[in-house]
Chemist: 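Pasting a structure here, questions to come.
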Amino acid sequence: PVLLSGSAIGFYGASDDRELDESSPAGTDFLADLCVQWEAATAPAAEAGVRVAHLRTGIVLTRQGGALKKMLPLFKLGVGGKFGNGRQWMSWISLPDEVGAILHLLEHDVRGAVNLTAPSPVQGTEFAATLGKVLHRPAKLPVPAFGPKLLLGSELADALLFTGQRVLPNALQQSGYTFQHATLTEALQAVAV
């Protein structure tokens, strides 16, 4: 038996340029605490002999939903750009790789934390520039912090858009998973166009 428990890279809290992997400690903010509690809730399954993996998922790129679906209309109109200062790290994964990694983990003896992110996180400025390039549109207009903070609330906007984590998928790669979309350009060409 196996339990793949969905968690998030929010486990690590906001960080600067530090590279984070599955051995990195938990953060101290609300989302980190929520992830810690969520993962701890799987302890009875592990104690019963079930193989448990905590899937710490980053930003899943798909045009059908999530962050990319909300960004695409602005970028297609040529009015997209970086969020805030653009220095925050974005640890992303394409939807095909998210699904591929889950299927891989069902069949491979991996336990504990597993980061479901691509091996090449980018900063917000690079994300915006790459999305603009893939869509053949300019990506020069920064999104000021006050708009999303009014819509989402300050804490949620900061957690989702203006802070980030530079997360690497070491456990997933060490288990033998091969990414379909290892670079942001490959992923956006596959899922955004």
Chemist: Hey, could you give me the OG/CD distance between Ser24 and Glu19, rounded to the nearest 0.5 Å?
Modeler: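 One gets 9.5 Å once the value is rounded to the nearest 0.5 Å.
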Chemist: Can any side-chain N or O of Arg51 pair as donor or acceptor with the backbone N or O of His108 at less than 3.5 Å?
Modeler: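 Present.
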Chemist: Which pair of heavy atoms, one from Ala32 and one from Gly13, lies closest together, and at what distance?
Modeler: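 Answer, listing the atom of Ala32 first, then Gly13: CB-N, 4.1 Å.
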Chemist: Using salt bridge (charged side-chain N to carboxylate O under 4.0 Å, His left out), reason through Arg56 and Glu22 one step at a time and then give a plain yes or no.
Modeler: CA-CA 9 Å; Arg56 295 179 182 163; Glu22 291 84 359; over 6 Å; no
Chemist: Among the clusters formed by ILVMFWY side chains lying less than 4.5 Å apart, do Val122 and Met71 turn up in the same one?
Modeler: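 Both belong to a single hydrophobic cluster.
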Chemist: Drop me the distance from Glu107's CD to Ile102's CD1, to the nearest 0.5 angstrom.
Modeler: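 Glu107 CD to Ile102 CD1: 13.0 Å, rounded to 0.5 Å.
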Chemist: Do Val167 and Trp92 share a hydrophobic cluster (ILVMFWY, side-chain heavy atoms under 4.5 Å, transitive)?
Modeler: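 Looking at the clustering, Trp92 is in a separate group from Val167.
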Chemist: Is there a donor-acceptor pair closer than 3.5 Å between any side-chain N or O of Glu186 and the backbone N or O of Thr183?
Modeler: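 A pair under 3.5 Å: yes.
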Chemist: Could you state the interatomic distance from NE2 (His54) to OG (Ser5), rounded to the nearest 0.5 Å?
Modeler: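 The distance works out to 5.0 Å.
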Chemist: ring-ring contact (aromatic ring centres under 6.0 Å, His included): which pairs involve residues 59-80, sequence neighbours left out?
Modeler: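 Those involving residues 59-80 do not exist here.
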Chemist: So, Asp17 and Trp89: side-chain donor and acceptor under 3.5 Å apart, yes or no?
Modeler: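 Yes, because at least one side-chain N or O of Asp17 sits under 3.5 Å from a partner of the opposite role on Trp89.
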Chemist: Between Glu126 and Leu184 (side chain of the first, backbone of the second, donor and acceptor by atom type, cut-off under 3.5 Å), is there such a pair?
Modeler: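 Side chain of Glu126 to backbone of Leu184: no pair is present.
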Chemist: Side chains of Glu98 and Thr57: donor-acceptor distance under 3.5 Å anywhere?
Modeler: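 On atom types as modelled, these side chains qualify, holding a pair under 3.5 Å.
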Chemist: For the side chain of Tyr12 and the backbone of Asp21, is there at least one donor-acceptor N/O pair under 3.5 Å apart?
Modeler: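 Looks like yes, one N/O pair under 3.5 Å.
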Chemist: With a 4.5 Å limit on heavy-atom distance, are the side chains of Leu68 and Leu131 in contact?
Modeler: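 The answer is yes; the side chains approach within 4.5 Å.
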Chemist: Begin with the C-alpha distance, continue with both residues' side-chain angles, and end with the deciding distance and a verdict on side-chain hydrogen bond (donor to acceptor under 3.5 Å, both in side chains) for Asn115 and Thr117.
Modeler: CA-CA 6 Å; Asn115 294 330; Thr117 61; 5.5 Å; no
Chemist: Evaluate the side-chain proximity of Leu4 to Val114: yes if any heavy-atom separation is below 4.5 Å, no if none is.
Modeler: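 The answer is no; the side chains never approach within 4.5 Å.
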Chemist: Measure the CG-CD1 distance between Leu20 and Ile9 for me, rounded to the nearest 0.5 Å.
Modeler: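 Rounded to the nearest 0.5 Å, the CG-CD1 separation comes to 8.5 Å.
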Chemist: Starting from the C-alpha separation in whole Å, work towards a yes-or-no answer on side-chain contact (heavy atoms from CB on, under 4.5 Å) for Leu116 and Leu105.
Modeler: CA-CA 11 Å; Leu116 297 192; Leu105 291 169; 4.1 Å; yes
Chemist: List the atom of Gln88, the atom of Phe83, and the distance in Å for their closest heavy-atom pair.
Modeler: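 Minimum heavy-atom separation between Gln88 and Phe83: NE2-O, 3.1 Å.
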Chemist: Would you mind listing every ring-ring contact (aromatic ring centres under 6.0 Å, His included) that reaches into residues 166-193, with sequence neighbours excluded?
Modeler: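 Residue pairs with at least one partner in residues 166-193: His104-Tyr177, Tyr177-Phe179.
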Chemist: Can you confirm whether Ser91 sits close enough to Ile59 that some side-chain heavy atom of one is under 4.5 Å from a side-chain heavy atom of the other?
Modeler: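 Ser91 does not reach Ile59 side chain to side chain.
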Chemist: Under a 3.5 Å threshold, yes or no: a donor from one side chain and an acceptor from the other, between Thr62 and Gln64?
Modeler: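 Their side chains do contain a donor-acceptor pair, which is all the 3.5 Å distance test asks for.
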Chemist: If you compare all heavy atoms of Ala128 against all heavy atoms of Ala139, which two are closest, and at what distance to 0.1 Å?
Modeler: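 Looks like O-CB, 3.3 Å.
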Chemist: Should Phe127 and Leu135 be regarded as members of a common hydrophobic cluster, given that ILVMFWY residues are connected when their side-chain heavy atoms come within less than 4.5 Å of each other, either directly or indirectly?
Modeler: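 Looking at the clustering, Leu135 is in the same group as Phe127.
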Chemist: How close do Ser94 and Ala187 get, counting heavy atoms only, and between which atoms?
Modeler: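 Distance-wise, the nearest heavy atoms are CB-CB, 4.1 Å.
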Chemist: Is atom CZ of Arg87 surrounded by more than 12 heavy atoms (other residues, nucleotides or ligands) closer than 6.0 Å?
Modeler: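 Atom CZ in Arg87 is not packed in, count stays at 12 or less.
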Chemist: Report whether Met90 and Val134 are members of the same hydrophobic cluster (ILVMFWY, side-chain heavy atoms less than 4.5 Å apart, transitive linking).
Modeler: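 Met90 and Val134: one cluster.
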Chemist: With distance as the sole criterion, is a donor-acceptor pair present between the side chains of Gln165 and Ser15 under 3.5 Å?
Modeler: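 Short answer, no.
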Chemist: Would a distance-only check, ignoring hydrogens and angles, find a side-chain to backbone donor-acceptor pair under 3.5 Å from Arg63 to Val191?
Modeler: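 Side chain of Arg63 to backbone of Val191: a pair is present.
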Chemist: To the nearest 0.5 Å, how far apart are CG in Leu77 and CG in Leu72?
Modeler: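 Rounded to the nearest 0.5 Å, the CG-CG separation comes to 10.5 Å.
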Chemist: Just by distance, do the side chain of Thr42 and the backbone of Ala45 share a donor-acceptor pair under 3.5 Å?
Modeler: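 No, because the side chain of Thr42 does not come within donor-acceptor range (under 3.5 Å) of the backbone of Ala45.
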Chemist: Restricting to non-hydrogen atoms, name the atom on Val110 and the atom on Ser175 that form the minimum distance, rounded to 0.1 Å.
Modeler: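 Here Val110 and Ser175 meet closest at CG2-CB, 3.5 Å.
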Chemist: Quick one: do Leu61 and Leu55 end up in the same hydrophobic cluster if we chain Ile, Leu, Val, Met, Phe, Trp and Tyr together by side-chain heavy atoms under 4.5 Å apart?
Modeler: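 No: no chain of side-chain contacts under 4.5 Å links Leu61 to Leu55.
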Chemist: Which heavy atom of Gln37 sits nearest a heavy atom of Asp33, and at what distance?
Modeler: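 Looking at all heavy atoms of both residues, the closest pair is NE2-OD2, 2.8 Å.
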Chemist: Can you list every pair that meets side chain to side chain donor-acceptor pair (under 3.5 Å) and has a residue in residues 128-141, with sequence neighbours left out?
Modeler: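 Applying side chain to side chain donor-acceptor pair (under 3.5 Å) to every pair that reaches into residues 128-141, excluding sequence neighbours, yields nothing.
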Chemist: Would you say that Leu106 contacts Val2 through its side chain, given a criterion of any heavy-atom pair below 4.5 Å between the two side chains?
Modeler: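 A side-chain contact under 4.5 Å exists here.
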